[in-house]
Amino acid sequence: MNVRRALALPALALLLAGCGIRATEVPTDFGPAPSRVRCSLSEPDVSTQASRGLPVQVFLLCGSSLVAVDRTVRVPDGTADSARRVLVAQGLLDELAATPSSAEKEAGYTTGVRGGMTVGGPRPKDPADALRLSSPPGDLTSYALAQLVCTFSDSAAAEGDGSVVLGGPDRRPPRRYACTDEVRTRPGSTEPPSTEVTGG
């Protein structure tokens with residue numbers, strides 16, 4: 001009899017432990033887990049509103065796609081059109097390279113464009129609407145190139161046809177890059193389509 005009791009005690013303890021585990025697995029319904037809406041700024045960016053200048057949009061990375069956000073760039077009154085294009089382009093480049101605001105970070109925005117890059121106007125044999133970067137476009141990551149192309153092509157820095165002519169600091173002819181729906185939705189795997197251009 002004592003042997004039976006001795007054997008029964010471990011089995012009983014196992015059953016009780018099992019009951020305890022099962023009790024913690026009872027489903028509870030407290031609604032979905034809290035989450036913030038990504039890629040959506042619920043409040044206007046105060047830093048953007050506070051600055052004065054030409055209203056523009058730049059494309060930042062959010063998730064796996066490009067999303068436009070509002071910015072401003074400073075262009076002095078009376079600036080000639082040719083110089084204005086370059087000033088706008090440099091302003092856009094600086095905004096792309098800047099660290100996203102706190103609200104933008106909270107919403108999931110990032111940028112693949114590094115600081116320190118500059119942009120200038122066309123060389124003598126370039127098309128009149130060409131922009132020359134201090135880094136060859138081909139050396140940029142696919143994300144950074146997509147951000148630049150989509151931002152420039154949708155601004156006063158380009159001709160407004162959804163494309164932009166970009167070259168590097170070397171003697172190679174610039175190329176006309178297009179911002180397509182595929183580039184905006186998959187900037188990491190889809191590079192902006194481009195064609196070589198020559199002549200002014």
Side-chain angles (χ1 to χ4, degrees), residues 53-54 56-76 79-101 104-105 109-200:
L54 177 70
V56 295
Q57 286 190 322
V58 299
F59 282 87
L60 297 182
L61 299 167
C62 196
S64 59
S65 61
L66 296 180
V67 182
V69 297
D70 294 327
R71 290 284 194 274
T72 58
V73 297
R74 295 179 180 274
V75 179
T79 303
D81 287 345
S82 58
R84 179 185 176 88
R85 286 182 57 255
V86 175
L87 285 175
V88 169
Q90 185 63 58
L92 292 170
L93 184 57
D94 293 341
E95 290 295 334
L96 284 171
T99 302
S101 68
E104 289 165 351
K105 284 182 180 178
Y109 289 89
T110 61
T111 182
V113 179
R114 295 183 177 181
M117 192 162 34
T118 59
V119 60
R123 291 182 176 176
K125 293 184 179 181
D126 289 346
D129 60 344
L131 295 170
R132 287 277 182 172
L133 300 173
S134 58
S135 296
D139 289 355
L140 302 177
T141 66
S142 58
Y143 288 107
L145 183 59
Q147 284 184 261
L148 282 173
V149 169
C150 289
T151 297
F152 284 166
S153 65
D154 193 36
S155 74
E159 296 298 315
D161 62 351
S163 69
V164 61
V165 179
L166 295 177
D170 50 33
R171 295 178 177 275
R172 284 179 289 183
R175 301 182 70 85
R176 183 174 295 277
Y177 294 85
C179 177
T180 64
D181 290 338
E182 291 76 14
V183 171
R184 284 189 289 267
T185 55
R186 294 189 298 274
S189 58
T190 305
E191 289 198 356
S194 65
T195 55
E196 187 175 306
V197 292
T198 56

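In what follows, every heavy atom counts, from backbone to side chain, and hydrogens, waters and symmetry copies are set aside. FYI, the numbering just counts along the sequence from 1. Because the structure is a prediction, the values reported are computed rather than measured.
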Point to revise | From CA spacing to verdict: side-chain contact (heavy atoms from CB on, under 4.5 Å), Val183, Cys150 | key: CA-CA 8 Å; Val183 171; Cys150 289; 3.9 Å; yes
**Study point:** Chi angles and distances behind the side-chain contact (heavy atoms from CB on, under 4.5 Å) call for Leu145, Tyr177
**Key:** CA-CA 10 Å; Leu145 183 59; Tyr177 294 85; 4.1 Å; yes
Practice item. Take Arg74 and Glu95, measure what salt bridge (charged side-chain N to carboxylate O under 4.0 Å, His left out) needs, and give me the verdict at the end. Key: CA-CA 11 Å; Arg74 295 179 180 274; Glu95 290 295 334; over 6 Å; no
Review point. Does the pair Leu140 and Leu148 meet the rule for a side-chain contact (heavy atoms from CB on, under 4.5 Å), with working shown?
Key: CA-CA 10 Å; Leu140 302 177; Leu148 282 173; 3.3 Å; yes
Exercise for review: For Cys62 and Val67, run side-chain contact (heavy atoms from CB on, under 4.5 Å): C-alpha distance rounded to whole Å, both residues' side-chain angles, the deciding distance at 0.1 Å, then the answer.
Suggested key: CA-CA 6 Å; Cys62 196; Val67 182; 3.9 Å; yes
Practice item. Give the C-alpha distance, both sets of side-chain angles, the deciding distance and a yes or no for side chain to side chain donor-acceptor pair (under 3.5 Å) between Gln90 and Thr118. Key: CA-CA 6 Å; Gln90 185 63 58; Thr118 59; 4.9 Å; no
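Counting heavy-atom neighbours within 6.0 Å of Asp81 CG, excluding the residue itself, gives a total of 12 or less. When the shell of 6.0 Å around CZ of Arg84 is examined, it contains 12 or fewer heavy atoms from other residues, nucleotides or ligands. Crowding of Arg114 atom CZ: a count of heavy atoms from other residues, nucleotides or ligands under 6.0 Å not exceeding 12.
Across Leu93, Leu92, Leu61, Leu60, a single residue satisfies side-chain contact (heavy atoms from CB on, under 4.5 Å) together with Val113, and that is Leu93. Among Arg176, Arg171, Arg132, Arg175, the single residue meeting the salt bridge (Lys or Arg N to Asp or Glu O under 4.0 Å) criterion with Asp126 is Arg132.
For the pair Pro169/Pro136, a side-chain contact is recorded, criterion being any heavy-atom separation below 4.5 Å from C-beta on. The shortest distance between side-chain heavy atoms of Pro174 and Leu166 does not fall below 4.5 Å.
Side-chain N or O atoms of Thr111 include one that pairs as donor or acceptor with a backbone N or O of Leu96 at under 3.5 Å. Formation of a donor-acceptor pair under 3.5 Å by the Thr79 side chain with backbone atoms of Val75 is not found in this model. Formation of a donor-acceptor pair under 3.5 Å by the Thr190 side chain with backbone atoms of Pro187 is not found in this model.
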